[in-house]
Participant: 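For reference, the structure I am asking about is given below.
Values in this document were obtained by computation on a predicted structure and should not be read as measured data.
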Amino acid sequence: MAGARPERPGTTIPPRPLRADARRNYERLLTEARTVFAEHGTGASLEDIARRAEVGIGTLYRHFPNRHALVSAVFEDALADLLARSRELLDAPQPCAALVTWLRAVITHASEYRGVSRALMSASRDESSALARCSRPLREAGSALLVRAQEAGDVRRDVSIGDLLQLTNAIALAAEETPNDPQLADRLLNLTLRGLKPNQAPPPSGSN
């Protein structure tokens, strides 16, 4: 008899349909992970998540081979909201305002779970991770909004969506580390956007 299909590294949902008991374990793990990550951040103990879901740590790793895979699965709900929001904003009459609105939504969602911003920044350097694959649709959605703003002449042509999302994650991380300043994220985003304007291009290298 042929051996079991090897698990693909970094996937968050097994390639074959789950049995009813396995599906229940999967859903319990996700539910507890959302709660634990919201309370303690994405660096929280995976053993604690498994214990709260009333399964063994081996069961957790069978469903989620590593921490990034579990964070990615938790982030998928927020991702769906962000993708839907980007599609709505593609018809907005002011492309730059639409881009700003979406970036604010990215910051808000990233702030829901402490550590997501840092994980997303790290995942951008590891294209094989589950979280990196989760972020690809996010980059595509943001790129469509960015291109509209660039074509309208509101954003410099040399701005990439990758750099913009890294800046956005950095802003979310800064806000996360400064909870006593709820306006910090908005101020930093406004400062960032000023540098994106075509008439605000930096001076040539070496100039004073």
Side-chain angles (χ1 to χ4, degrees), residues 10-13 26-27 30-31 33-39 41-43 64 67-152 154-155 159-177 179 182-193 196:
T11 54
T12 59
I13 299 178
Y26 178 85
E27 295 297 342
L30 267 185
T31 297
R34 289 188 185 103
T35 301
V36 172
F37 286 166
E39 292 174 354
T42 57
F64 308 102
R67 185 179 298 273
H68 270 186
L70 181 55
V71 173
S72 175
V74 169
F75 189 64
E76 280 177 1
D77 287 342
L79 177 63
D81 290 342
L82 290 169
L83 295 182
R85 186 65 175 131
S86 72
R87 289 191 291 270
E88 294 171 1
L89 290 167
L90 280 174
D91 294 326
Q94 296 181 316
C96 189
L99 176 63
V100 173
T101 297
W102 188 75
L103 292 175
R104 285 198 176 100
V106 172
I107 292 172
T108 298
H109 281 290
S111 301
E112 289 181 359
Y113 299 102
R114 186 177 182 87
V116 164
S117 298
R118 192 185 302 276
L120 286 169
M121 293 174 76
S122 174
S124 70
R125 299 188 296 272
D126 180 10
E127 287 296 319
S128 67
S129 77
L131 197 55
R133 287 194 294 276
C134 184
S135 69
R136 283 181 198 132
L138 196 66
R139 291 199 301 268
E140 292 172 1
S143 181
L145 293 170
L146 173 60
V147 168
R148 282 191 75 224
Q150 289 171 325
E151 289 176 346
D154 295 328
V155 177
V159 174
S160 73
I161 190 60
D163 287 346
L164 197 51
L165 285 175
Q166 283 290 74
L167 285 169
T168 303
N169 285 323
I171 290 170
L173 181 58
E176 179 182 299
E177 297 294 331
Q183 303 303 317
L184 178 63
D186 218 45
R187 292 201 310 274
L188 292 178
L189 181 59
N190 286 332
L191 284 172
T192 299
L193 294 171
L196 302 183

Participant: Taking side chain as C-beta onward, heavy atoms only, is V159 less than 4.5 Å from Q150?
Facilitator: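 Yes, their side chains come closer than 4.5 Å.
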Participant: Determine whether R139 and L165 satisfy the following criterion, side chain to side chain contact (heavy atoms under 4.5 Å, CB included), listing intermediate values before the conclusion.
Facilitator: CA-CA 8 Å; R139 291 199 301 268; L165 285 175; 3.5 Å; yes
Participant: Do L103 and I171 come within less than 4.5 Å of each other through their side chains, counting heavy atoms only?
Facilitator: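 Counting from C-beta outward, L103 and I171 never come under 4.5 Å.
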Participant: Determine whether L164 and V155 satisfy the following criterion, side chain to side chain contact (heavy atoms under 4.5 Å, CB included), listing intermediate values before the conclusion.
Facilitator: CA-CA 11 Å; L164 197 51; V155 177; over 6 Å; no
Participant: Of all residues at least two apart in sequence or in a different chain, which pass the side-chain contact (heavy atoms from CB on, under 4.5 Å) check with A175?
Facilitator: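 Partners of A175 by the side-chain contact (heavy atoms from CB on, under 4.5 Å) criterion, ordered by chain and then number, come out as A185.
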Participant: So, taking the atom named CH2 in W102 and the one named CG in L138, what distance separates them when rounded to the nearest 0.5 Å?
Facilitator: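 The CH2 atom of W102 sits 4.0 Å away from the CG atom of L138.
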Participant: To the nearest 0.5 angstrom, please state how far the OG1 atom of T168 sits from the NE2 atom of H109.
Facilitator: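 Rounded to the nearest 0.5 Å, the OG1-NE2 separation comes out at 13.5 Å.
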Participant: Can you see which heavy atom on L70 is nearest to which on A33, and at what distance?
Facilitator: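 In terms of heavy atoms, the two residues are closest at CD1-CB, 3.9 Å.
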Participant: What residue pairs, at least two apart or across chains, pass salt bridge (charged side-chain N to carboxylate O under 4.0 Å, His left out) with a residue in residues 86-111?
Facilitator: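 Residue pairs passing salt bridge (charged side-chain N to carboxylate O under 4.0 Å, His left out), neighbours aside: R85-E88, R104-D186.
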Participant: Check whether any side-chain heavy atom of L30 lies under 4.5 Å from a side-chain heavy atom of F64, and answer yes or no.
Facilitator: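 Of all side-chain heavy-atom pairs linking F64 with L30, at least one is under 4.5 Å.
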Participant: Going by the rule side-chain contact (heavy atoms from CB on, under 4.5 Å), which residues pair with E176 if we only count those two or more places apart in sequence or in a different chain?
Facilitator: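 So E176 forms a side-chain contact (heavy atoms from CB on, under 4.5 Å) with R114, L173.
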Participant: Tell me the closest heavy-atom pair linking L99 and A149, and the distance in Å.
Facilitator: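 Closest approach of L99 to A149: CD2-CB, 4.2 Å.
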Participant: Can you list the residues that meet the side-chain contact (heavy atoms from CB on, under 4.5 Å) rule with A38, with sequence neighbours excluded?
Facilitator: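 With neighbours one apart ignored, the set is Y113.
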Participant: May I ask you to test the L193-L196 pair for a side-chain heavy-atom distance under 4.5 Å?
Facilitator: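 Result yes, sub-4.5 Å side-chain heavy-atom pair found.
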Participant: Name all residues meeting the side chain to side chain donor-acceptor pair (under 3.5 Å) criterion together with E27; count only those two or more places apart in sequence or in a different chain, and write none if there are none.
Facilitator: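 For E27, the residues satisfying side chain to side chain donor-acceptor pair (under 3.5 Å) (neighbours in sequence not counted) are R23.
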Participant: To the nearest 0.5 Å, what is the distance between CG (L191) and CG (L167)?
Facilitator: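 Spacing of CG (L191) from CG (L167) equals 11.5 Å.
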Participant: Is a side-chain donor or acceptor of R148 paired with a backbone partner of A92 at a separation under 3.5 angstrom?
Facilitator: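 Checked: pair present.
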Participant: For R34, enumerate each residue passing the side chain to side chain donor-acceptor pair (under 3.5 Å) test, keeping only those at least two apart in sequence or located in another chain.
Facilitator: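 So R34 forms a side chain to side chain donor-acceptor pair (under 3.5 Å) with D77.
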Participant: Grab the two heavy atoms, one from A174 and one from L188, that are nearest each other, plus how far apart they are.
Facilitator: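 That would be CB-CD1, 3.9 Å.
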Participant: For a quick test of reading the model, state the closest non-hydrogen atom pair linking L83 to A141 and the distance between them.
Facilitator: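 Where L83 meets A141 most closely, the heavy atoms are CD2-CB, 3.7 Å.
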Participant: Provide the closest heavy-atom pair for L89 versus A98 in the form atom of the first, atom of the second, distance.
Facilitator: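 Of all heavy-atom pairs spanning L89 and A98, the closest is CD1-O, 3.5 Å.
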Participant: Who pairs with A97 by side-chain contact (heavy atoms from CB on, under 4.5 Å), at least two apart in sequence or on another chain?
Facilitator: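 side-chain contact (heavy atoms from CB on, under 4.5 Å) list for A97, sorted by chain: Q94.
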Participant: Taking side chain to side chain donor-acceptor pair (under 3.5 Å) as the test, write out the residues that go with T192, two or more places apart.
Facilitator: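 With sequence neighbours excluded, T192 shows a side chain to side chain donor-acceptor pair (under 3.5 Å) to no residue whatsoever.
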Participant: Say whether, by atom type as modelled, one donor and one acceptor occur between the side chain of E151 and the main chain of P95 under 3.5 angstrom.
Facilitator: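 Checking the backbone N and O of P95 against the side chain of E151, no donor-acceptor pair under 3.5 Å is found.
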